[in-house]
Number of protein chains: 2
Amino acid sequence: MPRAGLSEDRVVEEAEQLADEGRPVTLAALALRLGVQAPSLYKHVAGADALQQLVATRAKNELADVLARATVGKARADAVDALARAYREWAIAHPGRYATTLRAPRMDDAAEVAASNRAVQVTFDALAGYGLEGDDAIDATRFIRSTLHGFVTLKAAGAFELPDLDRSFARMVAALQQSLANWNAVTI
Amino acid sequence: MPRAGLSEDRVVEEAEQLADEGRPVTLAALALRLGVQAPSLYKHVAGADALQQLVATRAKNELADVLARATVGKARADAVDALARAYREWAIAHPGRYATTLRAPRMDDAAEVAASNRAVQVTFDALAGYGLEGDDAIDATRFIRSTLHGFVTLKAAGAFELPDLDRSFARMVAALQQSLANWNAVTI
DNA sequence: CACGATTGGCTACGTCTAATAGCTTTTTAG
DNA sequence: CTAAAAAGCTATTAGACGTAGCCAATCGTG
């Protein structure tokens, strides 16, 4: 029996493709694509759950990278705009992987926890130009994440039925920028 | 064999409970709770998918009712505040059912489509006091939905790691109110 | 009231997925 | 060159969904 030359990375990559194509990521489907019998996959990943975990961790890291690249050298409104667009683009281009980033990180998986924190940190950093600190920065970061995440997932779920989504998104980003510029005045 | 006295409603209700308890909603688990063998459930619902569909439709209607009750007789900032709190409370109190409301409605299921539209309509109506019309109202509705949905799902996913969530939420609502009050000035 | 039709249970079975055990072959290390 | 590790395989189990078809309970109508 000639070897297929698999590796953990190869298996995970194929799973990512499968997910982004919108197909169910089953070990059987994965094995078929890789030209191998399903049980052979266990030589490379510990099981279906572990595979999900690996895909999620890689996706979170990639999203963090994309956001970091998009916002480097920008500040305030420019940074928010770049962050929002990059976030939306990546999520829409990689729906399967994006979906995995939404799961709560398993606290016993240091790599996944770290990946989750990276993405949050990038958003946090992008707000540096606004001079927000402490609670202000925490609240603002949560506001941005909620809004972007909500828009993208509602869109992905097909919950928006009317056209003009681009305009709505742009307007939402503008509202975010305005709120952040006056964040100190936003009190409870 | 004595009859168990099941009905579609009874089965769906038990599925809702199961979901809100965080347990996987399998036909086997459902049958066990109802004191019946799994295949018997097919006399009342068409299958696992159809069951999900029924739960989702009922959940969407219930959420729409809750939001409508919360906002009746209120306007502008009061309406937004009531809407936001009611949305969050219901979602957190009924995590399993809330999760089903996120799926895109199946376009071939008129009942589910109608239920989805009702929830959007309530949000839309709550903005009436701001005098927003046409595109303005559409954009604002999407903004609100995105923000609330994003916050709730990120919270449900355990994505927020730090405390002070209530303060962050209140602040977010305040930012929403401010943005809506100045919505005309929020241009792209 | 009786009896046929409908309804609501059941058992048995088939398919799919995940997972484990244990075997064989290939590759690699010493 | 050989022994160990790695990477395939087959076979099997367990659990989920779903279908077929049987039989008892209930209902409706003459």
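Chain identifiers are assigned alphabetically (A, B, ...) following the order of the sequence lines, protein sequences preceding nucleic acid strands; residue numbering begins at 1 within each chain.
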For residues 128-138 of chain A, run the donor-acceptor check on the side chains, cut-off 3.5 Å, and write out each pair with its distance to 0.1 Å, sequence neighbours left out.
residue, atom, partner, partner atom, Å
Tyr130(A), OH, Ala77(A), N, 3.2
Asp135(A), OD2, Arg167(B), NH1, 2.9
Asp136(A), OD1, Arg171(B), NH1, 2.9
Asp136(A), OD1, Arg171(B), NH2, 2.7

Rounded to whole angstrom units, what separation is found between the [atom1] atom of [X] and the [atom2] atom of [N]?
X        : N       : atom1 : atom2 : result
Leu51(A) : dA19(C) : CG    : C1'   : 14 Å
Leu32(A) : dG8(D)  : CG    : C1'   : 16 Å
Leu6(A)  : dT27(C) : CG    : C1'   : 15 Å

DNA chain C contacts made by residues 7-27 of chain A, counting heavy atoms under 4.0 Å
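Output list: Thr26(A), Leu27(A).
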Which residues in residues 34-48 of chain A have a heavy atom closer than 4.0 Å to any atom of DNA chain C?
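Per residue number, the list reads Pro39(A), Tyr42(A), Gly47(A), Ala48(A).
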Are Arg33(A) and Glu14(A) within salt-bridge range, i.e. N to O under 4.0 Å?
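A salt bridge is present here (some side-chain N lies under 4.0 Å from a carboxylate O).
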Going by salt bridge (charged side-chain N to carboxylate O under 4.0 Å, His left out), name the pairs with one or both residues in residues 64-77 of chain B, residues two or more places apart or in two chains.
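Applying salt bridge (charged side-chain N to carboxylate O under 4.0 Å, His left out) to every pair that reaches into residues 64-77 of chain B, excluding sequence neighbours, yields Asp65(B)-Arg118(B).
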Donor-acceptor pair present, Arg3(A) side chain and dT27(C) base, under 3.5 Å:
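There is none.
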Just to verify, what does Phe151(B) make a ring-ring contact (aromatic ring centres under 6.0 Å, His included) with, not counting sequence neighbours?
Phe160(B), Phe169(B)
Net bend of the helix from dC1(C)-dG30(D) to dG30(C)-dC1(D), end axes of five pairs each, nearest 10 degrees
10°
What's in the same ILVMFWY side-chain cluster as Leu41(A), cut-off under 4.5 Å, chained through other members?
Leu6(A), Val11(A), Val12(A), Leu18(A), Val25(A), Leu27(A), Leu30(A), Leu34(A), Val36(A), Tyr42(A), Val45(A), Leu51(A), Leu54(A), Val55(A)
Can you list, by chain and residue number, the hydrophobic cluster partners of Val72(A) when the side-chain cut-off is 4.5 Å?
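Members alongside Val72(A): none; it stands by itself.
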Side-chain donor-acceptor distances from residues 90-97 of chain A under 3.5 Å, at least two apart:
residue, atom, partner, partner atom, Å
Trp90(A), NE1, Glu62(A), OE2, 3.0
His94(A), ND1, Arg97(A), NH2, 3.0
Arg97(A), NE, Asp20(A), OD2, 2.8
Arg97(A), NH1, Glu62(A), OE1, 3.1
Arg97(A), NH2, Asp20(A), OD2, 2.9

[X]: what forms a side-chain hydrogen bond (donor to acceptor under 3.5 Å, both in side chains) with it, not counting sequence neighbours?
X         : result
Ser168(A) : Asp139(B), Arg142(B)
Ser116(B) : Lys60(B)
Tyr98(B)  : Tyr87(B), His149(B)

